[in-house]
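Beneath this line is the structure, given in structure tokens, with notes to follow.
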Amino acid sequence: MEEPPPLTPEDLEGIIWQVWTAYLGTSPTVSCIDDPPGTDAEITASVGVAGAWLGMVVLRGGLGAAAAIAAEMLELSAVKPDDIQDATGELMNIVAGNVKSFLPKPSHLALPQVVVGRAEILWPGTTLHSRVMVQWDGHQVTVELLEGKAPQRTGTSAITVA
């Protein structure tokens, strides 16, 4: 019998709503979507998960949305590019930490990675677990949970120390 997914798309919606409410002071509209992300993302922030579960938590969006995240999180009226990178990375770290609480133990988080600029960022060996659209105060981003597969070992190896 196949195990149920450790986290449902509805769980991801709830996590996003709670994080946006707590850290950005807004009540977003969060909805599951099946459409693939467009290629117009100007910023991509991701956090890897490794251990008993492998995958990525990914935010994709425009610089305007990322600047709004930074301004609210850092309580600034004007933000610099470094502020935008730091805040979006930290927001994804918070989301990933909440996602991790649903995952099999032990699971560990990597440091956030943020790519600024239009680029089609892919994670080979992963499949889409769930994707949500997040809309608030005229801004929009997508947050994805990508599931990876453990590498297959084809034999055993041993190291002998003399």
Side-chain angles (χ1 to χ4, degrees), residues 4-75 79 81-104 107-149:
L7 176 93
T8 67
E10 292 76 21
D11 292 331
L12 183 59
E13 283 184 38
I15 288 169
I16 297 298
W17 190 90
Q18 289 177 351
V19 169
W20 255 248
T21 301
Y23 290 89
L24 302 181
T26 187
S27 295
T29 301
V30 186
S31 53
C32 291
I33 58 172
D34 293 324
D35 299 334
T39 57
D40 59 344
E42 297 170 314
I43 192 162
T44 302
S46 63
V47 175
V49 182
W53 191 88
L54 298 174
M56 301 293 293
V57 182
V58 180
L59 174 141
R60 300 176 200 259
L63 286 177
I69 289 168
E72 190 60 40
M73 284 185 74
L74 302 175
E75 298 179 346
V79 294
D82 286 349
D83 298 331
I84 293 171
Q85 286 183 280
D86 290 347
T88 54
E90 183 56 26
L91 189 68
M92 280 299 82
N93 198 39
I94 294 165
V95 169
N98 281 271
V99 165
K100 180 183 153 195
S101 71
F102 284 82
L103 301 176
S107 290
H108 308 282
L109 300 180
L111 293 173
Q113 296 180 345
V114 180
V115 176
V116 178
R118 292 182 193 263
E120 188 175 353
I121 311 294
L122 303 173
W123 289 269
T126 64
T127 56
L128 180 66
H129 178 283
S130 49
R131 179 181 294 123
V132 296
M133 176 76 64
V134 187
Q135 298 174 310
W136 78 103
D137 302 336
H139 302 289
Q140 174 178 302
V141 296
T142 60
V143 177
E144 302 166 328
L145 183 60
L146 306 176
E147 187 169 359
K149 294 187 183 205

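Sequential numbering from 1 along the given sequence is applied to the chain's residues.
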Within 6.0 angstrom of Gln113 CD, more than 12 heavy atoms from elsewhere: no
From [X] [atom1] over to [Y] [atom2], what is the distance, rounded to the nearest 0.5 angstrom?
X	Y	atom1	atom2	result
Lys100	Ile15	NZ	CD1	13.0 Å
Glu13	Ser31	CD	OG	6.5 Å
Leu63	Ile69	CG	CD1	11.0 Å
Thr44	Met92	OG1	CE	11.5 Å
Leu91	Asp86	CG	CG	12.5 Å
Leu12	Cys32	CG	SG	7.0 Å

Check whether any side-chain heavy atom of [X] lies under 4.5 Å from a side-chain heavy atom of [Y], and answer yes or no.
X	Y	result
Met73	Leu24	yes
Val141	Trp20	yes
Ile43	Val114	yes
Trp17	Thr29	no
Met133	Val143	no
Val132	Thr142	no
Ser46	Met56	yes
Asn98	Val19	yes

Which atom names give the shortest non-hydrogen contact between [X] and [Y], and what distance separates them?
X	Y	result
Asp83	Ala70	O-CB, 3.7 Å
Ala52	Ser107	N-OG, 4.0 Å
Gln140	Ala65	O-CB, 3.9 Å
Arg60	Ala41	CB-CB, 3.9 Å
Pro28	Thr26	CD-O, 3.3 Å

Candidate pair Val47 and Val99, rule side-chain contact (heavy atoms from CB on, under 4.5 Å), full reasoning: CA-CA 11 Å; Val47 175; Val99 165; over 6 Å; no
Working for side-chain contact (heavy atoms from CB on, under 4.5 Å), residues Glu144 and Leu128: CA-CA 7 Å; Glu144 302 166 328; Leu128 180 66; 4.3 Å; yes
Test your reading of the model: is there a side-chain donor-acceptor pair from [X] to the backbone of [Y], 3.5 Å cut-off?
X	Y	result
Asn93	Glu90	no
Thr126	Glu147	no
Glu42	Arg118	no

Check against side-chain contact (heavy atoms from CB on, under 4.5 Å), Leu7 and Trp53: CA-CA 11 Å; Leu7 176 93; Trp53 191 88; over 6 Å; no
